[in-house]
Amino acid sequence: MTRRIQMTEDEFEASYPLLHNPLNIYAAWSFGTGSGCLFETYGKELEFVRSQDRATVWTLIDGADGNQYINNGHHPVNRIGYFISTVPVPEGTCIEVRIPFGKRE
């Protein structure tokens, strides 16, 4: 049985801290100073994402409703980029984080 959880962005940030992208100093989605946490969907960054523990991979998705979503796992459809958390998602758990339109650039 799959456990489905919806989180706010603040709950997500507190529960699943993100790894900064070590391959791109200009990566988007930064918290404070330093490089961002978003990984590209191609090339060396995608290779890096694929080499990580699957339970730590997240996908930033462009939603059909105009909002963005962060979902755990590797999702190829409507993907904007990937994140890697320092904490794995428990097996059998699906997490969705809604990012309202206009919140991030």
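This chain uses plain numbering: 1 for the first residue, then up along the sequence.
Taking both residues in full, the closest heavy atoms of Trp29 and Gln68 are given as CZ3-OE1, 4.3 Å, listed atom of the first, atom of the second, then distance. Here the shortest heavy-atom pairing between His75 and Gly73 reads CD2-O, 3.5 Å.
Proximity of Phe39 to Pro22: side-chain heavy atoms (C-beta onward) are separated by under 4.5 Å at one or more points. With a 4.5 Å cut-off on side-chain heavy atoms, Ile5 and Met7 count as touching. Contact annotation: the side chain of Asn71 never approaches that of Cys94 to less than 4.5 Å [non-hydrogen atoms, C-beta and beyond]. Using a 4.5 Å heavy-atom cutoff, the side chains of Ile99 and Tyr69 are not in contact. The shortest side-chain heavy-atom distance between Asp65 and Phe101 does not fall under the 4.5 Å cut-off. Counting heavy atoms from C-beta outward, Ile84 and Trp58 have side chains that stay 4.5 Å or more apart. Looking at heavy atoms from C-beta onward, Leu46 lies in side-chain contact with His74 at the 4.5 angstrom threshold.
Placement of Leu19 and Ile80 in two distinct hydrophobic clusters is found when ILVMFWY residues are connected by side-chain heavy-atom separations under 4.5 Å, directly or transitively. Linking ILVMFWY side-chain heavy atoms closer than 4.5 Å, directly or via other members, places Val97 and Leu60 in a single hydrophobic cluster.
Residues satisfying the side-chain hydrogen bond (donor to acceptor under 3.5 Å, both in side chains) test with Tyr16, not counting sequence neighbours, are none. Applying the side-chain hydrogen bond (donor to acceptor under 3.5 Å, both in side chains) test to Asn72 and every residue at least two apart in sequence or in another chain returns nothing.
Without hydrogens or angle criteria, Thr56 side chain to Thr86 main chain gives no donor-acceptor distance under 3.5 Å. A donor-acceptor pair is defined here as one N or O able to donate and one able to accept, closer than 3.5 Å; no such pair exists between the side chain of Thr59 and the backbone of Ile61.
A distance of 13.0 Å separates CZ of Arg79 from CG of Asp62, quoted to the nearest 0.5 Å. Here the OG-CD1 distance, from Ser85 to Ile70, works out to 10.5 Å after rounding to the nearest 0.5 Å. Atom CG of Leu38 is separated from atom CZ of Phe83 by 5.0 Å, given to the nearest 0.5 angstrom.
The number of heavy atoms from other shown groups lying within 6.0 Å of CD (Glu11) is above 12.
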N/O donor-acceptor pairs under 3.5 Å from side chains in residues 47-54, not counting sequence neighbours:
{"unit_1": "Ser51", "atom_1": "OG", "unit_2": "Phe48", "atom_2": "O", "d": "2.7"}
{"unit_1": "Gln52", "atom_1": "NE2", "unit_2": "Phe48", "atom_2": "O", "d": "3.2"}
{"unit_1": "Asp53", "atom_1": "OD1", "unit_2": "Ala55", "atom_2": "N", "d": "3.0"}

- [ ] Please test Asn21 against Glu45 for side chain to side chain donor-acceptor pair (under 3.5 Å), starting from the C-alpha separation and ending with a verdict.
- [x] CA-CA 8 Å; Asn21 183 337; Glu45 292 182 42; 2.8 Å; yes
